[in-house]
Structure formats: structure tokens, C-alpha cells
Amino acid sequence: MYIVQVASECAPVIKAGGLGDVVYGLSRELENRGHTVELILPKYDCMRYDHIWGLHDAYRDLLVPWYDGAIRCQVDCGWVHGRLCFFIEPNSDDYFFNRGCYYGCSDDPMRFAFFSKAALEFLLKSNKRPDVIHCHDWQTGLIPVMLFEMYKYHGMEHQRVCYTIHNFKHQGIAGADILQATGLNNATYYFQDERLKDNFNPFALNYMKGGIVFSNYVTTVSPNHAWEAHYTDMGCGLGHTLHLHQHKFSGVLNGIDYDIWNPEIDRYIPHPYTAENREGKVKNKQALRQRLLLQDTDKPIICYIGRLDQQKGVHLVHHGIYYALQQGAQFVLLGAATEPGIHSWFWHEKQHLNNHPDVHLELGFNEELSHLIYAGADMIVVPSHYEPCGLTQMIGLKYGTVPIVRGVGGLVNTVFDRDYDESHPPDARNGYVFFQTDHTAIESAIDRALELWQHHPQAFAQLVTQGMDYDYSWNHPGESYVAIYDRIRHQ
Ligand SMILES: Nc1ncnc2c1ncn2[C@@H]1O[C@H](COP(=O)(O)OP(=O)(O)O[C@H]2O[C@H](CO)[C@@H](O)[C@H](O)[C@H]2O)[C@@H](O)[C@H]1O
């Protein structure tokens, strides 16, 4: 099969969070299975060019119709750790992707509508006719809309779209001008309940809703979150739309790329280790302390790695830091906030705790450091408010870092409480789960983990082994996506 992934991120060249990991990991798995995969991405000025090999011109003078005229684009192509990627660079005064950031601009809906249009135009003009176009998140929600309303009539009638939602919170909301810009026009047609009209704001168009309505198949990134999005407020207003399209909607649990996230071969950690021999993990813990200037004591290290966002339960992360210190543990946090309020909150905490020998808060994005933290910490907290899948708990498991998670979304599908999970026998449990959002809930889960670490080291080691034995590779999800592609290809 010939599959084209269109997304706003692909790790490690463009990574703001888990979307990048998934786009890269799934693409590699599909190629390993013998399929042809290409990726279409924006050419951001701030992406990691050091991760692209052989960047060269692929298509010059791609004229992308936009409003009444056209924007001239250049498409470059190169390999990102073996994946063939096409990067779209528009030449216009809008500087869509030359902003020094991936997201966070007031015209984001316009920027990514343009990217979606350009991606389709590139496929059309370069005569690429994939069996499946796999689109991700709101940024590419307009692709199936434009494909089936416009491009289908210009030679792309056989292409099918699989649309994956990684985060229902961000849906891409725009006004009627987007219809003129993209050439979809016909406002009366698109401002219909069964098309793009936002379910709550009658004057707005919703890209993600468009993605759900027009795609041949829709997934989100875990079975439990598929249920939550359909039946609870976690669908952020799209529950009814999902209900109407339930025949083509399901949850596929993400995988982890074990070529990148694997303590046996991880090039960012000084001491490799395996589930059977974890001496390296002890040394990585020392290396982590040295790197972050933490005191060398006989204490467990609890970590948090992730975006600092309401989604991630920041108030519980914050409480977790102080509670861990109070209970005699060390704490390491690596996170970046886009919301100014959260950023300044954690920045002040960092100043406040700066001279504390048992805690380090690293505010910013640092891929290399994240590997050392996964390898050196004993436990990882993921107290999310909601979590479509969650990768950090799965990476933690692979690195023998016991997850302490809130029982929501994909966390429920991947972490099984050592003491209370009744659906798994004791030798298949791998972490700690709490459900409420108050302080007591996370405290009691941390207490249980620390108690085991401090007083029953052998049982803790056994729990680590059980976690490391789990297979959250792309193997199973890869199979599921191929089945979905096969199903829609023959429609
Ligand atoms: N400051 C930092 N420095 C270095 N690395 C950092 C970092 N902050 C985060 N990361 C890395 O980014 C990834 C984050 O994964 P998450 O599952 O938390 O994704 P996120 O919430 O962004 O995305 C959404 O998409 C993913 C993928 O579908 C879903 O798992 C998730 O639930 C959903 O919210 C991990 O690889 C982590 O190590």
C-alpha cells in the first residue's frame, strides 16, 4: 500500500509533544511492514534541521490557489532517520512557517488551512496518488473536506482518508473567510450542522468536525478515550458528531518506537541496561543527579516529563513535587508551558526551589535530557486531567520507571495498579493508579509507591521487571492501522 502521512509534527525534526512521536513511529512501522510511506510537513524555520539528511528541491514553483490568487511554494525533500519527508515552504508575506514557533500564533487556523491546501495541491501536481492519506489532528482536518469536495473532481477520486485525533481540546475554529481562502466557498453549504458548522458557535467552522464528517475512518489514540470522547464531555463538544459517525470511529492505542525508546540502545543515556541487568539504571541515576546537581543520597527519584498544561493536571504535578520532597524523595521535572500564567507559576517555583538539593525543575524542551530522566528516575507521575493516550507512562515502563498515573484515557489501557487492579493477575500489574483529582488521591498513590521502594525493594524490583516486560511497541497498532487502511481502500 502507498500511504502519505500529513501532519504538523514528526519527531525528532518537528516535535512539540506526542503527536511527533506517533507520526514518526507509525510511519516507520508501516514501512517495516512493506508499505510505502511518505510524509508531508510544513517547513518551519525553527525545526531541527540537524535531523534531516539530503535535503534537496523536490518541486519548485508549486502554485497553491489562495483567495483570488495563488501562493508560490517550494517543496523540499529529505530523510528524517530513514523516513522520506516533503517540507512545504510558502513564499509569501504571511511568513506562515517562519515565526520561530510551531503553534501559538493568532492566525494558526489560517496557517494550517494553507498547509492542508498546499499538501493536496502538491499531491495533485506531482502526480502522487496514495491509497490512503492519513491526517492528524485539527491542523489537517480540512484535507478530507477539500479532497472530497474539490480534488476528487480533479483526478484524486480514488484517495481515501484516515483521520486521527490526538487531542479533542484543540479543534481549529475559523470564520467564513477560510472558505474563500481555500476555494471551498459556498458558505451556506458548509455552515450546516451535518458539515463544518461548530456544534456550539453557529458563526464558526470547525476543522476537526470537518475531519470527522468527511474522512473515511476516524481514530483516536486509545480505546478508553474513544469511549470518553463519545460519551462524556471529553469529546469537547464533538460527542454528538462522533455518535453520528460511530460506524467509522474507534480507538487504536498508540505504540512506542523501541528503536528510539529503548534503554538497551539509547544513545542519549550513558549506561545502557536491560530488564535482566539493571546496573546501568543505577549508574544513570547517578549521572542524572550529577547533571542536575542533585545531592547523591539513598532516595528515590520521582519525575514528571511533559507539557505544562491544564490537560496534564498541573496543580497535581505541583503538589506532587512538594509532597515527594516531604516524603523523602527527590523530584525532577522537565516541561514547557505555552500558557503564560502556567509558565510564570512554574518559573517562580523554580526560583523558589533553586537551592534545594533534592529537586530540579527544567523549564523548556530538551529531547536529550528527557531520555536521561526516563533512564535515571525510579517513578514517573502522570496525573492528567484527561489523556487521550499518553506516551510518557509507556516510555517510563520500558525504562523501568514505575508509572503513577491518574485513571483516565489511555492511562487506563496501559497502567494496571499493583494493589487494586482486578482485571490483571498480580504478576501482570505494572504501576499505580489513582482516580480523583484532589491532593489526597495522588498522595496515597505516591505513598504506596514509596512504601514499596523503601521497605520492599525486592517487590519494587519485581514491579519494575513486570513493567519492562510489557510490549507497547508499534507492532499491534501497526496491524490495526493496516486493517483500517485496507477496509477504507476497498470502499
Ligand atoms: N519539555 C519536554 N522536553 C522533552 N520532551 C518532552 C517535553 N515535554 C514532552 N516531551 C515528550 O513529548 C512526548 C509527550 O507525549 P504525550 O503523550 O504527553 O503527548 P501530548 O500530550 O503532547 O500529545 C497528545 O498526543 C499524544 C500522541 O497521540 C497522546 O499520547 C497524548 O495523550 C495527547 O495529549 C513524549 O515523548 C515526551 O517525552
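Just so you know, ligand 1 is whichever comes first in the structure, and atom 1 is the first atom listed for that ligand.
When each atom of ligand 1 is checked for a heavy atom of Ile305 under 4.0 Å away, the hits are 38 (O). Taking every heavy atom of Gln311 and a limit of under 4.0 angstrom, the matching atoms of ligand 1 come to 21 (O), 34 (O). Per-residue contacts place Gly335 under 4.0 angstrom from the following atoms of ligand 1 (heavy atoms of the residue considered): 1 (N). Atoms of ligand 1 found under 4.0 Å from any heavy atom of Asp21, numbered from 1 in the order shown, are 13 (C), 35 (C), 36 (O). Ligand 1 places these atoms under 4.0 Å from at least one heavy atom of Val22: 27 (C), 28 (O). Remark: ligand 1 atoms within the under-4.0 Å shell around heavy atoms of Val221 are 28 (O). When each atom of ligand 1 is checked for a heavy atom of Lys312 under 4.0 Å away, the hits are 16 (P), 18 (O), 20 (P), 21 (O).
Residue-level proximity to ligand 1 for Asn254 is carried by the side chain, the only part with a heavy atom below 4.0 angstrom. When non-hydrogen atoms are compared, ligand 1 lies under 4.0 Å from the backbone of Asn366 (N, CA, C, O) but not from its side chain.
In the model, Thr164 has a side-chain atom that pairs as donor or acceptor with a side-chain atom of Thr219 under 3.5 Å. Looking only at atom types and distance, the side chain of Thr241 has a donor-acceptor partner in the side chain of Asn199 under 3.5 Å away. Using modelled atom types and a 3.5 Å distance limit, the side chains of Arg307 and Thr338 yield no donor-acceptor pair. Judged by distance alone, the side chains of Glu443 and His319 do bring a donor and an acceptor atom under 3.5 Å apart.
Every heavy atom of Ser384 sits 4.0 Å or more from the atoms of ligand 1. Heavy-atom distances between His225 and ligand 1 stay at or above 4.0 Å for every pair.
Distance from atom 1 (N) of ligand 1 to its nearest protein heavy atom, with residue and atom name: Gly364 O, 2.8 Å. Among protein heavy atoms, the minimum distance from atom 30 (O) of ligand 1 is reached at Gly390 N, 2.8 Å. For atom 23 (O) of ligand 1, the nearest protein heavy atom (residue, atom name, distance) is Gly18 N, 3.7 Å. The single protein non-hydrogen atom nearest to atom 17 (O) of ligand 1 is Leu391 N, 2.7 Å, given as residue, atom name and distance. If you check which protein heavy atom lies closest to atom 33 (C) of ligand 1, you get His166 O, 3.3 Å. The protein heavy-atom contact nearest to atom 2 (C) of ligand 1 is Phe365 CD1, 3.5 Å. Atom 9 (C) of ligand 1 has as its closest protein heavy atom Gly306 CA, 3.5 Å. Scanning the protein heavy atoms around atom 31 (C) of ligand 1, the nearest turns out to be Glu387 OE2, 3.3 Å.
The shortest N or O to N or O distance between Tyr374 and ligand 1 is under 3.5 Å.
Aromatic pair Phe96/Phe115: ring centres not closer than 6.0 Å. Between His134 and Tyr481, the ring centre distance stays below 6.0 Å.
Taking the charged nitrogens against the carboxylate oxygens, Asp266 and Lys398 have no contact shorter than 4.0 Å, which rules out a salt bridge. At a threshold of 4.0 Å, the pair Lys15-Asp21 counts as salt-bridged, since one of the basic side-chain nitrogens sits closer than that to a carboxylate oxygen. In this structure, Asp309 does not pair ionically with Lys312, as no charged nitrogen and carboxylate oxygen lie closer than 4.0 Å.
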From CA spacing to verdict: side-chain hydrogen bond (donor to acceptor under 3.5 Å, both in side chains), Asp471, Ser473: CA-CA 6 Å; Asp471 176 8; Ser473 68; 2.8 Å; yes
side-chain hydrogen bond (donor to acceptor under 3.5 Å, both in side chains) between Asn224 and Ser222: does it pass, once the steps are laid out? CA-CA 6 Å; Asn224 189 42; Ser222 69; 5.9 Å; no
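To the nearest 0.5 Å, atom OH of residue Tyr304 and atom OG1 of residue Thr392 are 7.0 Å apart.
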